[in-house]
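Each remark here refers to the structure printed beneath this line.
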Amino acid sequence: MIRVLHLPDNIEKRNGRMSVIMSIYRKLDRSKIQFDFACTDYGFENFEDEIKELGGNVYKIPSTENSFKNIKSMVNELLKTGRYSFLHYHALSKWGCTLGIANKYHVKTIVHSHATELSDTLFKSIRNRIFSLNIFNNGDKLVAVSPEAGKKLFIFKKYTYIPNMINYKKYAFNKNNRLNIREKYGIEENDLLIGNVGRISIQKNQEYAIKCLKHIKQSNFKLMFVGDADNNQQIKKIKDLVLSLGLDSKVIFTGMVTDVERYYSAFDIFWLPSLYEGMPTVGIEAQANGLYVLVSEAVSKNLDITGNVRFLKIKEDDIENWANLTESLVKTVKSHDVSAITKIENSEFNSKKVIEQWKKLYEV
């Protein structure tokens, strides 16, 4: 059996890269390939129970103790057992400091790029570039979720492009889900609901979405944020902006939910104004539901699987464009695109194709 030690930084359910890893993990023949995870525990809801049910192990370091020394010590202890064929590092995090340890024990390393920027601030970007320098000497296989993510992290080095995969049929439009979710949050039948799914954070740029909502002229539009915040300061800042713009009756914060697939059916259109992304799984999920997706130009063009994605700039001067296009699309499109699932099945995002690419990574 091939055993892989994954380093995803954390195994939280709100972590997009973990959603992708788990989608792969569930479909693999686990008698041939098995996953273990070494990660930081930040205290949020995670996949630990499911990983153990699937036969994997989880090794955690509390967030208060995740020093480079402790991370190296844990990975060293795990790799020296000789159980692992591959160390799969999902960049970027502190855990990348362990790549050299893998070489010491003759464990092959896979470095996986998931983002088109190194961070959301200049200081963190410089820091993360320094952190990532060791991948050029210690990365045996380089992988990216989009061409843009590959070029950003690996620069001139050759990498393999493997698109993200989800269980897209799980996200298909469901009328009962639409009625139930809208009733739960007091969304009227004639209300037009804009959806955004993901962590409330600087990277996801929810602040821009709120400003765009303010410029929509129709009075029956509402905006729903599905997901929790990176920290209390971030959610307070966003909610203060909502209040200052007089939008408190039009913006809904659901917090963390465990049945996010049901929420897409409640939306009439989906917004993703992120500052950067690799290949956002929420954008694929929204398309699987048949929604039109308005997305930042910072996101890979490969995201447009169904023809229902529109890429827009996210400068202050472009806010009016987001508002106008949203109103126009919602008027034109009367229902969710029922052909979306077929389009995904016929694309490079087809789950069987992606699974085969992952198996090839592990030389199975």
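Everything numeric here is computed off the predicted structure, so don't read it as measured data.
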Modelled atom types, side-chain donor and acceptor of Asn220 and Asp191, under 3.5 Å: no
N-O pairing of Glu148 and Lys301 below 4.0 Å: no
Within 45° cone and under 6.0 Å: Lys94 NZ/CZ vs Phe68 ring: yes
Pair Tyr168-Glu285, side-chain donor/acceptor within less than 3.5 Å: no
Lys250 to Phe221 six-membered ring, cation-pi geometry met (6.0 Å, 45°): no
Polar contact flag, side-chain donor to acceptor under 3.5 angstrom, Asn76-Lys104: yes
Residue pairs, two or more places apart or on separate chains, that pass side chain to side chain donor-acceptor pair (under 3.5 Å) and touch residues 32-43: Arg3-Asp36, Asp9-Tyr42, Tyr25-Gln34, Asp36-Asn57, Asp36-Tyr84, Thr40-Trp95
Given Ile238, Leu243, Leu241, Leu213, the one that forms side-chain contact (heavy atoms from CB on, under 4.5 Å) with Val251: Leu213
For Asp268, the option from His336, Lys222, Arg178 that meets side-chain hydrogen bond (donor to acceptor under 3.5 Å, both in side chains): Arg178
All pairs passing ring-ring contact (aromatic ring centres under 6.0 Å, His included) where residues 343-364 contributes a residue, at least two apart: Phe35-Tyr362, Phe86-Tyr362, His88-Trp358, His88-Tyr362, His112-Trp358
Full working for side chain to side chain donor-acceptor pair (under 3.5 Å) between Tyr171 and Tyr263: CA-CA 9 Å; Tyr171 296 90; Tyr263 282 72; over 6 Å; no
Anything under 3.5 Å between a donor and an acceptor, one on a side chain of residues 252-262, the other on a protein residue two or more places apart or in another chain? List them.
residue	atom	partner	partner atom	Å
Thr254	OG1	Phe225	O	3.3
Asp259	OD2	Arg262	NH1	2.8
Arg262	NE	Asn177	OD1	3.2

Polar contact flag, side-chain donor to acceptor under 3.5 angstrom, Thr342-Glu345: no
Distance, nearest 0.5 Å, that separates CZ of Phe37 from CG of Asn46: 11.0 Å
Test: Glu50 and Arg26 ion pair at under 4.0 Å: yes
